[in-house]
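One structure is given here, and the rest of the page talks about it.
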Amino acid sequence: GCGCNRSASSRGCAQKGGLCILRELVLTGMRVVVTRPQPQAVATASRLREHGFEAIILPLTAIVAMPTTGFEPSAVSCIAVTSGNALRHANADLLQRLHHLPLFAVGNRTADEARKAGFSKVLSAIGDAGALASLVAEHTGAGDRVLYLCGATRRSEFESALAHLGRSVLAIETYATQMVVPEPDAAAVLKSADVVLVYAQSAALALNEIGVSGSSAAFVCISERVGQ
């Protein structure tokens with residue numbers, strides 16, 4: 001794994017940029033490296049500084065948009081989203097053609113992103129993929145087709161849960177997560193850190209390539225899967 005010795009496994013910790021875990025681990029003034037992609041990295045660093053931490057931005061991944069063509073909105077009855085990235089990186093014309101449909105979001109932050117993108121019929125599951133699948137099933141009928149705006153790399157829980165509940169899923173991949181070339185001083189930055197926040201498996205792989213042996217930092221991962 002990436003060397004993580006503590007992981008933030010709850011969704012709430014992930015959405016707060018790991019701040020709740022940091023309060024347990026470190027004291028004000030410690031150096032925290034944020035490896036998440038932009039623009040989220042800036043927002044997380046800002047929150048860390050507000051709490052008295054020295055935040056260093058070192059993105060190890062980037063979110064890139066994927067082309068979405070040949071889709072007919074009339075083929076689906078609603079939309080589901082498990083990440084704000086799916087909306088931020090979706091084709092503007094595609095979103096415009098979907099605005100009339102109800103949208104179900106995994107949590108409040110994703111729901112806020114949907115409203116910013118122009119959707120007015122938005123419901124939040126305030127939970128995880130299973131909770132979102134249950135919410136979609138509650139508001140749809142058996143055989144309805146759900147448009148899932150998602151990333152190229154994702155876990156299967158949501159789609160499997162919907163299929164189990166009798167709903168078909170059309171997945172449209174609007175973004176991908178890619179490793180980026182680390183900055184020349186990345187190894188030195190990581191070794192001087194007290195805490196490193198790790199948000200994706202691709203970032204964990206990048207850490208392995210950079211080399212973090214000998215670092216005394218606590219590697220705080222967004223989930224146990226990333227920590228492994």
Side-chain angles (χ1 to χ4, degrees), residues 1-66 82-86 88-89 106-110 112-113 128 151-155 175-228:
C2 66
C4 298
N5 49 28
R6 182 73 178 268
S7 68
S9 59
S10 72
R11 187 67 181 172
C13 293
Q15 290 184 341
K16 295 177 183 177
L19 281 178
C20 53
I21 294 295
L22 283 176
R23 293 192 187 105
E24 298 175 12
L25 281 177
V26 301
L27 301 174
T28 298
M30 286 193 170
R31 292 165 59 87
V32 182
V33 173
V34 181
T35 66
R36 74 187 314 184
Q38 298 286 20
Q40 296 98 319
V42 170
T44 297
S46 177
R47 290 196 297 272
L48 287 166
R49 289 169 186 141
E50 289 173 1
H51 286 79
F53 300 107
E54 180 186 352
I56 303 167
I57 297 174
L58 182 69
L60 297 178
T61 57
I63 306 297
V64 297
M66 296 182 64
T82 54
S83 170
N85 282 322
R88 284 190 291 268
H89 296 275
V106 70
N108 291 337
R109 292 197 179 190
T110 305
D112 288 342
E113 288 288 345
D128 56 13
T153 302
R154 61 188 182 277
R155 301 181 73 173
Y175 72 96
T177 303
Q178 298 179 346
M179 284 193 291
V180 300
V181 177
E183 296 178 10
D185 62 345
V189 169
L190 290 167
K191 288 183 179 178
S192 69
D194 297 301
V195 179
V196 179
L197 302 184
V198 189
Y199 291 83
Q201 285 182 308
S202 50
L205 292 173
L207 286 171
N208 284 333
E209 289 190 8
I210 294 169
V212 292
S213 60
S215 172
S216 60
F219 288 77
V220 182
C221 300
I222 198 170
S223 68
E224 292 182 5
R225 183 169 62 104
V226 171
Q228 293 172 355

Minimum side-chain heavy-atom gap Q201-T177 below 4.5 Å: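 No - every pair of side-chain heavy atoms lies 4.5 Å or more apart.
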Sub-4.5 Å side-chain heavy-atom contact between L207 and F219: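 They are in side-chain contact.
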Looking at every non-hydrogen atom in both residues, tell me the closest pair between [X] and [Y] and how far apart they are.
X	Y	value
M66	A152	SD-CB, 3.7 Å
A217	A193	CB-O, 3.3 Å
I222	Y199	CG2-O, 3.5 Å
A204	V198	N-CG1, 4.0 Å
I63	P37	CG1-CG, 3.7 Å

Rounded at 0.5 Å granularity, tell me how far CD in E113 sits from CG in N108.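 Taking CD in E113 and CG in N108, the distance rounds to 12.5 Å.
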Measure the CZ-CZ distance between R47 and F53 for me, rounded to the nearest 0.5 Å.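 These two atoms lie 12.5 Å from each other.
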Among T61, T153, V64, the one residue meeting side-chain contact (heavy atoms from CB on, under 4.5 Å) with Q178: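 It is V64; the other options fail the test.
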Could you check whether any side-chain N or O of R31 sits under 3.5 Å from a backbone N or O of S192, counting only pairs where one atom can act as donor and the other as acceptor? yes
Using atom types as modelled and distance alone, determine if a side-chain donor or acceptor of T35 lies under 3.5 Å from a backbone N or O of L197. yes
Residue pair T44, R36: steps toward the side-chain contact (heavy atoms from CB on, under 4.5 Å) verdict: CA-CA 9 Å; T44 297; R36 74 187 314 184; 2.7 Å; yes
Begin from the C-alpha positions of T110 and T82 and carry the test side-chain contact (heavy atoms from CB on, under 4.5 Å) through to its verdict. CA-CA 7 Å; T110 305; T82 54; over 6 Å; no
